[in-house]
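Whatever order the structure lists them in is the order used to number ligands and atoms, beginning at 1.
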Amino acid sequence: MSKELPTITILGTGYVGLTSAAFFASAGFKAYVVDINPERLQVVREGRSFFYEEGLDSLIAAGVDSGKLIPTSSYEESVTKSNVVFSCVGTPDKPDGSSNLTYVYSAAKEAANHMNPGSVFVQKSTVPVGTGEKVQTMFKQASKDIHYVSNPEFLREGTALRDSLWFDRIVLGGDNQAAIGTVMSLYERVHNKRSAIARIAVLDAPARPPEGDYISTSLNSAELIKVSANAFLALKISFANSIAKLADAANADINEVMNAVGADPRIGKAFLNAGRGYGGGCFPKDVSGLISSGIQHGVDLEIMQAVESVNASMPGYIAEKLLVSFDGSFKNKKIAVLGLAFKAGTSDTRRSPGVALANDLAKRGAVVRVYDPEAAEEARPELRKSVVETSTIEEALEGCEAALIATDWPHLVNYPLKDYAKKLTNGKILVDCMNRFDPKEVRLAGLRYIGVGRR
Ligand code: NAD
């Protein structure tokens with residue numbers, strides 16, 4: 001007789017929770033997704049996601065159809081029937097930069113009210129080191145026999161399903177080896193079923209899939225691994241951006257520089273791309289959360305403060321470079337900002353540099369026209385009223401003197417340069433905010449080129 005699969009509840013139907021629920025359901029687990037936001041649940045009931053992510057809608061539709069993926073607002077309906085509860089609620093930052101753990105604690109408390117003795121609570125949300133110990137104490141004080149595992153999430157928006165199916169590592173932190181084993185077995189099943197899941201999602205397998213390590217650590221180490229990984233990537237970006245400013249001043253090309261710097265395998269090329277800086281729902285808050293953790297423990301993480309301030313300077317730095325071409329004033333200049341998502345492949349506009357650039361230029365008097373293939377709706381409430389939303393590249397470029405390519409969506413980068421040149425007027429300036437274009441080709445097409453740290 002085959003062993004019955006554990007039932008799973010995922011708390012939080014956001015980018016992480018919904019993606020996780022979709023692949024667990026596709027691997028054959030009964031997976032409840034719980035949220036306090038009825039609109040997000042309604043979208044899942046309709047068999048789709050509230051955000052754009054390649055392949056996800058197909059998995060959600062299949063999961064809802066088969067009855068394996070069950071959206072609900074009720075902890076009672078879901079948690080009481082589950083062996084494993086994943087918490088994927090949001091951990092935004094507070095105005096002082098520290099992590100707001102309200103959702104983490106309230107989800108854990110509510111789950112504890114309904115969890116069965118011996119079941120496993122898995123923390124997937126990114127939390128400051130020490131949070132798991134506090135949640136465990138909470139469980140103990142409520143006399144609940146719940147096993148706690150920290151399982152930080154490493155998926156990236158835009159490649160969330162690929163990252164989950166062909167993961168490079170699963171980190172599992174805690175002191176209960178049986179509970180860690182239970183969580184590991186869920187991922188092993190996903191791993192074994194990944195070809196079938198990828199077929200439903202219509203995703204190709206990577207040419208060279210990573211080994212997929214399982215890394216078992218202490219609880220506190222697992223929590224610190226997640227924020228340190230994000231902080232290090234942010235540090236690489238801000239390092240490249242600092243050198244890009246020097247390259248601008250010294251007439252060097254940052255792409256040439258970082259290409260050769262990253263050729264050293266001890267350094268690596270990833271995340272050394274200079275440009276408008278990082279954004280999104282993770283890096284900015286994880287960096288500030290790490291700084292706060294440092295302060296709380298009496299450790300000065302000055303290096304991360306520098307990372308933050310370099311990053312914050314980048315949209316303004318790009319605007320200032322463009323300002324020179326406009327003789328010091330943006331007043332009534334028509335400028336297109338193409339790309340509002342914080343990165344390509346997602347509709348997420350949280351802390352998006354593209355949005356920051358559009359608002360900054362509009363604030364300084366420019367007539368700003370924006371376009372994004374997926375993120376227009378999400379960006380709308382964050383954009384200044386005067387910013388004009390358009391629905392095609394051509395419409396955005398209409399009558400503009402400059403186009404800022406703020407997100408490297410492939411069809412913005414691959415849009416023919418001659419068509420940018422044809423559409424743009426007067427100065428015909430292409431601002432390459434992510435250094436994705438070849439300056440020579442841009443100039444050959446009859447455009448003026450402005451990059452970040454490029455001659
Ligand atoms: P999100 O804001 O998109 O989703 C969080 C969801 O939790 C929301 O829908 C919210 O309504 C829900 N929620 C809040 N309180 C709840 C409760 N008590 N019960 C049930 N649902 C509740 O967040 P996200 O981007 O999915 O991120 C979740 C966590 O994962 C964060 O800690 C984040 O740092 C981390 N993370 C995110 C990513 C990413 O790419 N987005 C990657 C790795 C890690």
Side-chain angles (χ1 to χ4, degrees), residues 9-22 32-44 49-54 56 71-79 82 85-94 98-115 121-129 131-132 135 150-164 167-171 222-223 225-231 233-234 278-290 341-343 345-352 378:
T9 286
I10 313 266
L11 307 174
T13 310
Y15 296 86
V16 169
L18 190 49
T19 305
S20 307
Y32 292 93
V33 270
V34 182
D35 208 290
I36 51 175
N37 178 336
E39 284 153 30
R40 286 193 171 183
L41 289 175
Q42 185 48 35
V43 178
V44 182
S49 166
F50 73 94
F51 60 98
Y52 171 74
E53 184 66 52
E54 190 186 3
L56 189 55
T72 175
S73 59
S74 164
Y75 276 61
E76 188 161 8
E77 181 196 338
S78 53
V79 175
S82 297
V85 175
F86 284 86
S87 179
C88 305
V89 299
T91 48
D93 47 353
K94 293 189 200 160
S98 63
S99 304
N100 176 351
L101 297 174
T102 317
Y103 306 114
V104 166
Y105 290 127
S106 70
K109 194 167 169 211
E110 184 64 11
N113 288 338
H114 299 282
M115 282 178 80
F121 185 92
V122 188
Q123 189 65 262
K124 243 186 183 324
S125 298
T126 304
V127 292
V129 57
T131 307
V135 177
S150 168
N151 168 219
E153 179 57 63
F154 295 98
L155 66 74
R156 298 161 297 173
E157 288 173 34
T159 49
L161 278 175
R162 280 177 215 282
D163 294 344
S164 306
F167 54 84
D168 47 23
R169 79 277 213 209
I170 301 279
V171 172
E223 290 173 339
I225 286 167
K226 170 63 197 172
V227 276
S228 304
N230 275 1
L233 295 173
Y278 58 79
C282 291
F283 282 15
K285 75 167 178 64
D286 291 350
V287 169
S288 70
L290 186 61
F342 86 92
K343 65 188 261 192
T346 179
S347 55
D348 193 349
T349 58
R350 290 179 285 181
R351 312 250 169 114
S352 166
E378 224 174 294

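- The aromatic ring centres of Phe86 and Tyr32 sit 6.0 Å or more apart.
- Here Lys226 has side-chain heavy atoms under 4.0 Å from ligand 1, and that is the only part of it that gets that close.
- At a 4.0 Å heavy-atom cut-off, ligand 1 touches Cys282 through the side chain alone.
- For atom 8 (C) of ligand 1, the nearest non-hydrogen atom from the set Gln123, Glu110, Arg40, Lys124 comes from Arg40.
- Only the side chain of Lys285 comes within contact range of ligand 1, with a heavy atom under 4.0 Å; no backbone atom does.
- Lys343 is linked by a salt bridge (charged side-chain N to carboxylate O under 4.0 Å, His left out) to nothing, counting only residues two or more places apart in sequence or in another chain.
- For atom 30 (O) of ligand 1, the nearest protein heavy atom (residue, atom name, distance) is Val16 CG2, 3.5 Å.
- When the salt bridge (charged side-chain N to carboxylate O under 4.0 Å, His left out) test is applied to Glu223, no partner is found at least two apart in sequence or on another chain.
- Contact atoms of ligand 1 toward Tyr15: 3 (O), 24 (P), 25 (O), 26 (O), 41 (N) (distance under 4.0 Å to a heavy atom of the residue).
- Considering only non-hydrogen atoms, atom 16 (C) of ligand 1 lies nearest to Val89 out of Val89, Thr102, Asp163, Thr9.
- When each atom of ligand 1 is checked for a heavy atom of Arg350 under 4.0 Å away, the hits are 2 (O), 25 (O), 41 (N).
- The shortest N or O to N or O distance between Thr126 and ligand 1 is under 3.5 Å.
- Residue-level proximity to ligand 1 for Cys88 is carried by the backbone, the only part with a heavy atom below 4.0 angstrom.
- Here atom 20 (C) of ligand 1 lies nearest to Tyr75 when heavy atoms of Phe283, Tyr75, Tyr103, Phe51 are compared.
- Between Asp35, Val104, Asn37, it is Asp35 that holds the heavy atom closest to atom 11 (O) of ligand 1.
- Counting atoms of ligand 1 from 1 in the listed order, those under 4.0 Å from a heavy atom of Glu153 are 43 (C), 44 (C).
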